[in-house]
There are 2 protein chains.
Amino acid sequence: MTTILIIDDDNELTELLDEFLSEHKFKTKVFHNPMEALNSLKASVPDLILLDIMMPEMDGFQLLRKIRETLDVPVIMLTAKGEVSDKVVGLELGADDYLAKPFEPRELLARIQSILRRVNSKNSMVDILNFESLDINKIKEEVVLDGKTVSLSTSEFEALLLFANNSNKVLDREFLVENLRGITWQTYDRSVDVLVSRLRNKLGETPARTRFIKTIHGVGYKFIATPYKK
Amino acid sequence: MTTILIIDDDNELTELLDEFLSEHKFKTKVFHNPMEALNSLKASVPDLILLDIMMPEMDGFQLLRKIRETLDVPVIMLTAKGEVSDKVVGLELGADDYLAKPFEPRELLARIQSILRRVNSKNSMVDILNFESLDINKIKEEVVLDGKTVSLSTSEFEALLLFANNSNKVLDREFLVENLRGITWQTYDRSVDVLVSRLRNKLGETPARTRFIKTIHGVGYKFIATPYKK
DNA sequence: TTTTATTTTCATAAGTTATTCACAAGTTAT
DNA sequence: ATAACTTGTGAATAACTTATGAAAATAAAA
């Protein structure tokens, strides 16, 4: 079971978070005190940390720095509204994401899942995904198609990775938006379409002649590729 | 047919919602009064509830709590802008989603569908239906007939799924129309016939030689297939 | 058999959804 | 500071899906 550590001095909020996350099949551990939280990390490491920025004793940044000295756990920073500069600082210090209070539960959930997915795929034993004529090297962030290196942008690479890790499954637009952008979409969003279009282009395919990414009309896309064996 | 319960005291809004959702093939039930809504739940349970937070008599949170005491229906909370300001509102009681007014109808639709998808996939343990020479894979949205992949449109796929889930039962036109289109039956409606025709065609059968979908003259259709066991 | 009712199919139009393009805004590198 | 690169947006276009009405085919009834 996935464990989430919540560090926030706001009792009311932690209670809600606890309840909400438990409902969504996470195991939670709550600390209102930074030092205690830090200590608990020595005993056991959670899968993810929700960390408030504003706390007595030690602020979230300091705590994050301390955590990062020894551990590489994904951290989502929580902060009161308005302070955009916090975001920059937080991300610089190695927070994996950032969420302004008040936030929508749906959004929190989406980001948690998105991060966990990323981490899991990163940590999976396999560094290189091989398909028929396509090699994806996660470490080198390199993609080789038919023997030739393809240069992808970061988001294109992430999209391809997401597809490759979910090959032969239909991924709907909502899933894609949430996992690639970590946000809930507002209006009808074409950014995913464009991303796919560009990715397809670089992989040398057209919607008509599609080798890897198939359109599922009305739903989303599906990555089709037969794993390659040497 | 998917039923959505709307609980909101704002007459104008419920009217719009009613109209919009009906257009999109949902059956709606509107209540302006929390108590009445609560009572109606004893008689029949909808597939999803749209619940306003601000209402006279009993606010949405209380109502949600009451609902959750006995039922596990997905709930989307509606709220006027600003009501939430410093609270992490939806977290409070396990609403499945949360939408701030004013919202785009399109977004509401997306979220409704997203939730329903989630619930449905949870409820149907089986992801793959196997028949003699026909495999239906819900995750891959793929149909394989005699070893060859058949490409179906979304509604064709849904129709096939409906048939497969009700195999060897006679499904009359009214049932089909309601479940596939969610519209009320019109005598001169041939859309189901056309849909079946196309589906048959893609499954490689003719009315004369039917392998799966048999016509029951004067009534409807029947899907005949023996579940396959490995 | 003839008549009537019902189903099937087709072409087409209308409606949706997907793709691409050019451009602008934002980033990063030089 | 400038250039090169990314990425989101809106608009135009393309592709796909689906409803409709009419005609053809089939089944049932007389």
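The model shown is predicted, which means the values in this text are computed figures rather than measured ones. Numbered from 1 within each chain, the chains take letters A, B, ... in sequence-line order.
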Quiz item: For the pair made of CG in D193(A) and C1' in dG8(D), what is the distance, rounded to whole Å?
Solution: 12 Å
Practice problem: Answer with base, sugar-phosphate or nothing: what part of the nucleic acid does V196(B) contact at a heavy-atom distance below 4.0 Å? | Solution: nothing
Quiz prompt | For atom NE2 of H217(B) and atom C1' of dA25(D), their distance in whole Å | solution = 11 Å
Practice problem: Could you let me know what dT30(C) is paired to, Watson-Crick or G-U wobble, both distances under 3.5 Å, or none if it's on its own? | Solution: dA1(D)
Quiz prompt | Distance, rounded to the nearest Å, where N201(A) contributes CG and dT19(C) contributes P | solution = 13 Å
Quiz item: Above 12 or not: heavy atoms from other molecules or residues under 6.0 Å from NZ of K138(A)?
Solution: yes
Exercise. Take the protein atom CD1 of I216(B) and the nucleotide atom P of dA28(D), then report the distance between them rounded to whole Å.
Key: 11 Å
Self-check item: Side chain of P207(B) (C-beta onward), nearest among dT8(C), dT19(C), dT20(D)
Solution: dT8(C)
Practice problem: Check whether any side-chain heavy atom of L171(A) lies under 4.5 Å from a side-chain heavy atom of F163(A), and answer yes or no. | Solution: yes
Practice problem: Ignoring the backbone of T215(B), work out which of dT18(D), dA18(C), dT7(C) is nearest its side chain. | Solution: dT7(C)
Quiz item: Whole-Å distance between dT19(C) C1' and R198(A) CZ?
Solution: 12 Å
Quiz item: According to a strict under-4.0 Å criterion, is S197(A) in side-chain N/O contact with OP1 or OP2 of dT20(C)?
Solution: yes
Quiz item: Can you check side-chain contact (heavy atoms from CB on, under 4.5 Å) on L162(A) and L180(A), steps first, answer last?
Solution: CA-CA 8 Å; L162(A) 188 63; L180(A) 293 173; 3.9 Å; yes
Practice problem: Could you state the atom-to-atom distance from CG of L195(A) to P of dT9(D) in whole Å? | Solution: 13 Å
Practice problem: Calculate the interatomic distance between R190(A) atom CZ and dG10(D) atom C1'; express it in whole Å. | Solution: 7 Å
Exercise. Using a heavy-atom cut-off of under 4.0 Å over every strand shown, decide if Y221(B) touches base, sugar-phosphate, or nothing.
Key: sugar-phosphate
Quiz item: Hey, which of these two, K202(A) or S191(A), hits DNA chain D nearer its 5' end, going by closest nucleotide?
Solution: K202(A)
Quiz item: Taking atom types as modelled and ignoring hydrogens, do the side chains of T210(B) and E205(B) form a donor-acceptor contact shorter than 3.5 angstrom?
Solution: no
Quiz prompt | Nearest listed nucleotide, side chain of R200(B), among dA18(C), dT20(C), dT8(C) | solution = dT8(C)
Exercise. Name the nucleic acid region contacted by T206(A), choosing base, sugar-phosphate or nothing; use a 4.0 angstrom heavy-atom cut-off, strictly under.
Key: nothing
Practice problem: May I have the distance from I213(A) (atom CD1) to dT19(C) (atom P), rounded to whole angstrom? | Solution: 10 Å
Quiz item: For the side chain of T154(A), counting heavy atoms from C-beta on, which of dT7(D), dG21(D), dG10(D) is nearest?
Solution: dT7(D)
Quiz item: Does a salt bridge link K222(A) with E141(B), judged by any charged N lying under 4.0 Å from a carboxylate O?
Solution: no
Quiz item: Which nucleotide, dA18(C), dT8(C), dT7(D), lies nearest any side-chain atom of R173(A)?
Solution: dA18(C)
